[in-house]
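A quick write-up on the structure given underneath.
Just so you know, these numbers use all the heavy atoms, side chains as well, and skip hydrogens, waters and symmetry mates. Everything numeric in this text was worked out from a predicted model, so none of it was measured. For reference, positions follow the sequence shown, starting with 1.
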Amino acid sequence: MVALGIDLGTTYSLVAIAEGREGRPRILTDDNGEGRLPSAVFYGAQQQDGAVVGFAAFAAARAHDGALLTSTKRFMGQGRAAAVAHLASDAAHNYRLWDGVGADHRQVQFVVPDGEGADRPTTPIEVAAYVLKALKDRAEEVLGHPVADAVITVPAYFDDAQRQATRDAGRLAGLKVLRLLAEPTAAAVAYGLDKEAEGKGQGTYAVFDLGGGTFDVSVLTFDRGLFRVLSTSGDTALGGDDFDWPIARRILEAVGVVDAATPRQTQQALMMARQAKEALTDRDVVDVEGVLDGLPAGTGAVAFSLTRADFEAIILPVVNRCAGPCERAMTDAGLTPDQLDGVILVGGSTRVPLVRAFVQTFFGREPLLDAHPDEVVAAGAARQAALLAGTSDTDMLLLDVTPLSLGVETMGGVVDKLVPRNASIPCTATHTFTTYADGQTAMDIHVVQGEREKVEHNKSLARFRLRGIPPLGAGLARVLVTFQLDADGLLTVTAKEQATGVTQSIEVKPSFGLTDAEVEDMLIASIDNAEADITERLVIEKRVEARRVLQATQKAIDEDGALLEPGEQADVAAAVRVLEDAIAGDDRHAIQLATDALDVATTPFAQRRMTRKIGDALENKRIDDVSF
């Protein structure tokens, strides 16, 4: 019944278990005592039995022709358009995208050799599955028995598509994914339970998680085993990889191949850059030395010195990109930095001195350094896995949040938000909608994700149609729409017609996610355009209601126009024209005034219609037949 905790990282991945009823986390290591597994997969040109993973992938790439895929976590749940945009500005990862037979532009597909002299496509999901399978194999070798259950961590800012892609990778690797756990939450669980054992397990903390390819910041409170996420923000295209490439570029420039480097030379330069970066954590200057393959004799040698000051000047713009997500997380939590009890550092990139200096400056305090930045996420995942598997007696409750709002499209192309951003999950939200037209027997449900008021500015997740609605008058049918967001942040939407019980549901599985720029732009645009969006929404709502009044008025005239008195028909027609002109404009107050004027003009007519209907209903009835 052992369940694994897996930190599926951009640069490195780890696997852990929680031992004993108290759930002590233990990082599982390879034969060399190394817990980290590089999230790298090599597909050899003459390799027909799959792929090589981890440190062995780098060794194979140095010795053989093929494709080495690294940092592909950034492409999880993305579409081809997002990959094209990302790779255009990312010379460090010169992957080729698949355009051959069966190319699916809804998802990223890389070109890799098939081992028999040809090419084939592969996806970030398959790459992640190889990494997860390698971690699963390591665990089974260490433990001496098969394992299948696992909790896998994901960046807090992963959207629904990215989370679903991660779950699919777990299944492909032969794992039963018990839960997808946000990385900052996992880190807080490990840190909080350790502090609880010391009698200090309570407070409000920010978790600053800067890994190899993604950045998250979350604000949490924990108190005696209750972990509640107050807010989360981040950037799924920001991390240590962005520190490595500027150094790698200088290495390639040193041998004159920066614009014509082969994939192997680029990877060699990145490895040298990563080693230099890590050395500068404890030193003020480092000698960058090595030889790049495939260059004429005497031209491939690299030898220059890099100071920490030069390195920090290069990466300062990248580090400063952390400020926006940090500000949003604090604002959403309704807190100021001085109200925090501490800042927990997570991710290998937080070892960079400039990053720690940024954290100290932004939050106004020294970050906490008593959590292992590489291991704390896997440790927290292992503790959650043990709890879900029933092998731990730890009393713990996690309340995570959703990173973006979820809602449905309504008339006029506006969004009704059922689940707001930073709502605690798991959760259920319901809302009752009605029909717009007489005799309407179906309703389209369009599920969207984002922060803007109009559908066109948000991300479309899914569409389905509810059929079998009774053909009633407009506004009489009642359709209950329910959003169920599980602990993994995955969504199920159900629509139920109240009178007949007809139900239609869909598990939202989008084939591609938001690009990193779209996520950032969504939040910034929602703030910058908040007033204009609300104004536009109010105008649209007034138009929808006015058109409903016009339809009802025309229907009444068609049915009972003979009840209009002399001169009254002209007054109603004039009021209709004024309302139609108001609808064509953008003044919601004018639309409301014209709607009210039409209501006044038709009130006597409506009263006569009601009197007539009552008379028809009572005709030829005895007093005993009428119930009051």
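- No donor-acceptor pair under 3.5 Å is formed between the side chain of R608 and the backbone N or O of T603.
- With contacts defined as side-chain heavy-atom distances shorter than 4.5 Å, the pair L418/L406 does not qualify.
- Between Q384 and R179, some side-chain heavy-atom pair lies under the 4.5 Å cut-off.
- Here CG of L181 is found 12.5 Å from CD1 of I6. Values are rounded to the nearest 0.5 Å.
- Going from atom CZ of R421 over to atom OG1 of T232 covers 10.0 Å, rounded to the nearest 0.5 Å.
- Side chain of Q440 to backbone of Y436: a donor-acceptor contact under 3.5 angstrom is found.
- Of all heavy-atom pairs between P471 and T441, the closest is CB-CG2, 4.0 Å.
- In this structure, the side chains of V217 and D209 stay at 4.5 Å or more apart for every pair of heavy atoms.
- With rounding to the nearest 0.5 angstrom, the CZ atom of R609 is 9.5 Å from the CD1 atom of I557.
- With E545 as the partner, the salt bridge (Lys or Arg N to Asp or Glu O under 4.0 Å) test is satisfied by one option alone out of R547, R548, K542, R543: R548.
- In this structure, a donor-acceptor pair under 3.5 Å is absent between the side chains of T221 and T204.
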Problem set entry | Check against side-chain contact (heavy atoms from CB on, under 4.5 Å), D332 and S233 | CA-CA 9 Å; D332 290 344; S233 189; 5.7 Å; no

For this session: Evaluate the salt bridge (Lys or Arg N to Asp or Glu O under 4.0 Å) criterion for residues E409 and K454: first the C-alpha distance (whole Å), next the side-chain angles of each, then the deciding distance (0.1 Å), finally the verdict.
Result: CA-CA 8 Å; E409 179 180 359; K454 293 189 69 178; over 6 Å; no

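- In this pair, F75 and F110 present their aromatic rings perpendicular. The plane angle is above 60°, beyond the 30 to 60° band.
- A distance of 3.5 Å separates NE2 of H446 from CZ of R463, quoted to the nearest 0.5 Å.
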Exercise. Between V219 and L335, is a side-chain contact (heavy atoms from CB on, under 4.5 Å) present by the stated rule, with each step listed?
Worked result: CA-CA 9 Å; V219 181; L335 299 172; 3.9 Å; yes

For this session: With side-chain contact (heavy atoms from CB on, under 4.5 Å) as the test, would you mind laying out the steps for F433 and L480 before giving the verdict?
Result: CA-CA 6 Å; F433 297 91; L480 183 69; over 6 Å; no

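- Between the side chain of T391 and the backbone N or O of L387 there is no donor-acceptor pair closer than 3.5 Å.
- D558 has no carboxylate O lying under 4.0 Å from a charged side-chain N of K555, or vice versa, which leaves the two without a salt bridge.
- Formation of a donor-acceptor pair under 3.5 Å by the R383 side chain with backbone atoms of G23 is found in this model.
- Checking side-chain atoms of T602 against main-chain N and O of D599 turns up a donor-acceptor pair under 3.5 Å.
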For this session: Start with the C-alpha distance between L8 and T166, add both sets of side-chain angles, then the distance that settles side-chain contact (heavy atoms from CB on, under 4.5 Å), and finish with yes or no.
Result: CA-CA 9 Å; L8 180 62; T166 305; 4.2 Å; yes

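- At a threshold of 4.0 Å, the pair K73-E183 counts as salt-bridged, since one of the basic side-chain nitrogens sits closer than that to a carboxylate oxygen.
- Without hydrogens or angle criteria, Q592 side chain to H589 main chain gives no donor-acceptor distance under 3.5 Å.
- Side-chain atoms of E497 and T500 form a donor-acceptor pair, as typed in the model, at a separation below 3.5 Å.
- For E580, the CD atom counts as densely surrounded, since its 6.0 Å shell holds more than 12 non-hydrogen atoms of other residues, nucleotides or ligands.
- Using a 3.5 Å distance cut-off with no hydrogens or angles, the side chains of T434 and R478 do pair a donor with an acceptor.
- V502 places none of its side-chain heavy atoms less than 4.5 Å from the side chain of I469.
- Side-chain atoms of L598 and V549, non-hydrogen and from C-beta on, do get closer than 4.5 Å to each other.
- With a 4.5 Å cut-off on side-chain heavy atoms, D235 and T214 do not count as touching.
- Between R612 and D560 there is a salt bridge, since a side-chain N of the basic residue sits under 4.0 Å from a carboxylate O of the acidic one.
- Among all heavy-atom pairs drawn from A139 and V15, the shortest one is CB-CG2, 4.5 Å.
- Smallest separation of non-hydrogen atoms from W98 and P121: CG-CB, 3.5 Å.
- Counting only heavy atoms from C-beta outward, the side chains of K496 and T482 never approach each other to under 4.5 Å.
- In terms of modelled atom types and a separation under 3.5 Å, the side chain of D7 and the main chain of V377 share no donor-acceptor contact.
- The nearest pair of heavy atoms linking S13 to S39 is OG-OG, 2.8 Å.
- Using a distance-only test at 3.5 Å, with no hydrogens or angles considered, a donor-acceptor pair links the side chain of D216 to the main chain of A156.
- A salt bridge links D99 with R80: the closest approach of a Lys/Arg side-chain nitrogen to an acidic carboxylate oxygen falls below 4.0 angstrom.
- With values rounded to the nearest 0.5 angstrom, L220 atom CG is found 9.0 Å from F227 atom CZ.
- Looking only at distances, no side-chain donor or acceptor of T430 sits under 3.5 Å from a matching main-chain atom of T428.
- Counting all heavy atoms, side chain and backbone alike, V151 lies closest to A381 at CB-O, 3.8 Å.
- Between L132 and L175, the closest side-chain pair of non-hydrogen atoms falls below 4.5 Å.
- Atom CD1 of I152 and atom CG of L135 lie 9.5 Å apart (nearest 0.5 Å).
- Closest of all the heavy-atom pairs between T435 and G473 is OG1-O, 3.8 Å.
- With R74 contributing its side chain and G213 its backbone, the two residues share a donor-acceptor pair below 3.5 Å.
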